[in-house]
Participant: 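Handing you a structure now.
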Amino acid sequence: MVMLFTAFTMGGCASVTQGTEQSVKVETVSDAGGATIPGAECELQNDKGSFFVRSGESALVRRSGSNLSIKCVLGGQPPAVGQAVSRANAGLAGNVLIGGVIGAAVDVGTGAAYTYPTWIQLVFGHERMYDRSGNRDDGLVAGTFVRATISGPPVRTAIPAERPAQNAVQQTVDVQQAPAKVPMPAATPVQMPAMPVAQITTGAALRRGDALEYVLVDRLTGTGSTVLYHLDRIESDRLIFNQGSRVESLDGKVLSVSSPLGGLFDSSSPPGGWGRKDLRPGMRWREDYTASNGEKARYELDATVAGESTFDVDGTTLMATKITYKGWMYAAVGVGPTQALPFEATAFYAQDIGRVVKFEAQYRRVSIGLASESLELKRILR
């Protein structure tokens with residue numbers, strides 16, 4: 001009995017119940033009228049490999065903590081592009097209870113702990129983001145508009161001219177992924193007077209439909225993925241991103257985060273976020289809080305303003321204030337007691353746009369080891 005339980009624990013609960021692969025149905029529709037147009041050549045890609053399918057069919061993809069990039073091309077149509085957000089599935093929660101930290105680490109590493117939307121509808125001429133967090137079943141995810149695409153060369157294809165309809169086969173070699181959950185002037189907007197504008201600072205503004213494109217990198221493996229914070233709407237003095245999973249005030253202060261899309265940047269965020277408007281050289285303060293999402297761990301961090309650096313964001317040079325955070329993260333390991341874990345983070349806060357342009361964090365967790373990641377703003381999509 002002990003041997004059977006140990007084998008089950010080491011194998012990972014989600015690996016058994018969810019598997020390391022899942023099916024994703026890809027459809028393509030026209031921009032005008034939304035008519036279904038099948039037969040486009042599509043490539044789906046994450047850090048586990050590339051997968052190929054024709055629209056209207058399903059691809060068998062490897063699960064991963066990284067988002068799934070999708071691009072479909074068809075003669076006479078602009079590209080249809082999308083990004084499917086990876087979300088932790090129920091198997092991970094069960095594994096923490098049954099398999100503890102070792103089993104959870106196995107499932108995070110193999111990708112079995114994560115699930116993509118199972119039915120995605122891309123639109124020719126659009127780049128869209130697909131998030132299953134609002135779906136309670138395996139229904140269609142229509143996605144959120146990010147920006148318009150332009151015509152470009154076809155994607156690489158490994159699909160023969162004639163073949164029976166079947167699940168696509170993985171074409172590339174797996175890349176080992178470390179645990180994904182770790183502690184640790186764009187173009188002038190089109191003038192639309194009726195649309196509310198979020199004035200950030202000196203002339204910069206976000207409008208409904210804009211998106212902040214960051215790149216999240218596991219600094220131990222070099223694995224990276226794109227993270228989009230899409231501004232769905234502006235309500236009075238609040239900015240609503242990604243269907244309400246992130247809410248900010250007009251000056252960029254973080255009001256709530258219900259989905260840690262940006263890794264530690266979101267899951268360990270102090271109230272108000274990692275930056276503030278009143279920064280001065282040598283300024284120090286203490287952050288003592290319990291994170292509202294992710295592991296809901298408690299943090300005791302000493303913050304210090306430690307200089308300035310410049311960053312290039314989409315062709316614009318921004319001056320950012322460096323803030324270092326050092327202290328402790330108090331989190332439970334598996335079903336065991338709460339442990340004090342050393343935690344360090346660095347945030348570069350740009351006053352000109354009222355937000356963090358780069359964030360780095362790391363911590364060392366018992367039984368798993370060092371975890372380290374970075375998140376950097378690359379461009380603002382309008």
Participant: For I37 and S30, work out which heavy atoms get closest and say how close.
Facilitator: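 Answer, listing the atom of I37 first, then S30: CD1-CB, 3.8 Å.
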Participant: Under 4.5 Å between any side-chain heavy atoms of L264 and F359, yes or no?
Facilitator: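 Sidechains of F359 and L264: in contact.
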Participant: When Ile, Leu, Val, Met, Phe, Trp and Tyr are grouped by side-chain heavy atoms lying under 4.5 Å apart, directly or through other members, which residues fall in the same group as I240?
Facilitator: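 Cluster partners of I240: V247, L255.
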Participant: Side chains of S259 and S245: is there a donor and an acceptor less than 3.5 Å apart?
Facilitator: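 S259 vs S245: no donor-acceptor pair found between side chains.
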Participant: Which residues pass the side chain to side chain donor-acceptor pair (under 3.5 Å) test with D278, not counting sequence neighbours?
Facilitator: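 By the side chain to side chain donor-acceptor pair (under 3.5 Å) rule, D278 matches R276.
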Participant: Side-chain heavy atoms under 4.5 Å apart, restricted to Ile/Leu/Val/Met/Phe/Trp/Tyr: what other residues fall into the cluster of F145, or is it alone?
Facilitator: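 Traced through the cluster, F145 reaches no other member.
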Participant: Going by side-chain contact (heavy atoms from CB on, under 4.5 Å), name the residues that satisfy it together with S236, two or more places apart in sequence or in a different chain.
Facilitator: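 Residues passing side-chain contact (heavy atoms from CB on, under 4.5 Å) with S236: none at all.
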Participant: Does a salt bridge link D302 with K326, judged by any charged N lying under 4.0 Å from a carboxylate O?
Facilitator: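 A salt bridge is absent here (no side-chain N lies under 4.0 Å from a carboxylate O).
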Participant: List the steps and the verdict of salt bridge (charged side-chain N to carboxylate O under 4.0 Å, His left out) for K378 and E213.
Facilitator: CA-CA 6 Å; K378 294 300 183 181; E213 180 181 306; over 6 Å; no
Participant: For Y214 versus V357, what's the shortest heavy-atom pair and its separation?
Facilitator: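 It is CE2-O, 4.4 Å.
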Participant: Below 4.5 Å, heavy atoms only, C-beta onward: do F241 and L212 meet side chain to side chain?
Facilitator: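 A side-chain contact exists here, since the closest heavy-atom pair is under 4.5 Å.
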Participant: Can you name the residues that form a side-chain contact (heavy atoms from CB on, under 4.5 Å) with V29, not counting sequence neighbours?
Facilitator: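 If we apply the side-chain contact (heavy atoms from CB on, under 4.5 Å) test to V29, skipping adjacent residues, the hits are T36, Q121, V123.
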Participant: Kindly write out the residues that satisfy side chain to side chain donor-acceptor pair (under 3.5 Å) with W328, not counting sequence neighbours, or none if the list is empty.
Facilitator: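 Expected list: none.
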Participant: Taking the side chain as everything from C-beta on, heavy atoms only, tell me whether R246 gets closer than 4.5 Å to V257.
Facilitator: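 When only atoms from C-beta onward are counted, V257 and R246 do touch, with a gap below 4.5 Å.
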Participant: Which residues pass the side-chain contact (heavy atoms from CB on, under 4.5 Å) test with V305, not counting sequence neighbours?
Facilitator: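 Listed in chain order: L279, M283, W285, T321.
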Participant: List the residues meeting side chain to side chain donor-acceptor pair (under 3.5 Å) with R280, not counting sequence neighbours, and say none if there are none.
Facilitator: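 Scan of R280 (side chain to side chain donor-acceptor pair (under 3.5 Å), adjacent residues dropped) gives none.
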Participant: Keeping T304 on the side-chain end and A306 on the backbone end, is there a donor-acceptor pair under 3.5 Å?
Facilitator: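 Such a contact is absent between T304 side chain and A306 backbone.
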Participant: Do NZ/NE/NH1/NH2 and the carboxylate oxygens of D47 and R62 come within less than 4.0 Å?
Facilitator: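 Looking at R62 together with D47, the answer is no, because their closest N to O distance does not fall below 4.0 Å.
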Participant: The criterion is side-chain contact (heavy atoms from CB on, under 4.5 Å); which residues satisfy it with T346, sequence neighbours excluded?
Facilitator: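 Checked T346 against side-chain contact (heavy atoms from CB on, under 4.5 Å); matches are K322, T324, F348, E360.
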Participant: For E127, which residues count as a side chain to side chain donor-acceptor pair (under 3.5 Å) partner, sequence neighbours excluded?
Facilitator: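 So E127 forms a side chain to side chain donor-acceptor pair (under 3.5 Å) with R147.
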Participant: For Y116, which residues count as a ring-ring contact (aromatic ring centres under 6.0 Å, His included) partner, sequence neighbours excluded?
Facilitator: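 So Y116 forms no ring-ring contact (aromatic ring centres under 6.0 Å, His included) with any residue.
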Participant: If we count only N and O atoms by modelled type, under 3.5 Å, do the side chains of T226 and Q83 hold a donor and an acceptor together?
Facilitator: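 Side chains of T226 and Q83: no pair found under 3.5 Å.
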Participant: F124: what forms a ring-ring contact (aromatic ring centres under 6.0 Å, His included) with it, not counting sequence neighbours?
Facilitator: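 F124: no ring-ring contact (aromatic ring centres under 6.0 Å, His included) contacts found.
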Participant: Salt bridge check, E57 against R54: does any charged N sit closer than 4.0 Å to a carboxylate O?
Facilitator: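 The answer is no: the pair does not qualify as a salt bridge.
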Participant: Do N242 and L261 have side chains that approach each other closer than 4.5 Å (heavy atoms only, starting at C-beta)?
Facilitator: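 Yes; the side chains approach each other to less than 4.5 Å.
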Participant: Under 4.5 Å between any side-chain heavy atoms of S269 and W274, yes or no?
Facilitator: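 Of all side-chain heavy-atom pairs linking W274 with S269, at least one is under 4.5 Å.
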Participant: Do L231 and R207 touch side chain to side chain, with heavy atoms closer than 4.5 Å?
Facilitator: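 SC-SC contact between L231 and R207 ruled out.
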Participant: Within the 3.5 Å criterion, strictly below it, is a donor on D266 or Y229 matched to an acceptor on the partner's side chain?
Facilitator: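 Side chains of D266 and Y229: pair found under 3.5 Å.
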Participant: Quick one: closest heavy-atom pair of S268 and A291, and the distance?
Facilitator: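 That would be CA-CB, 4.3 Å.
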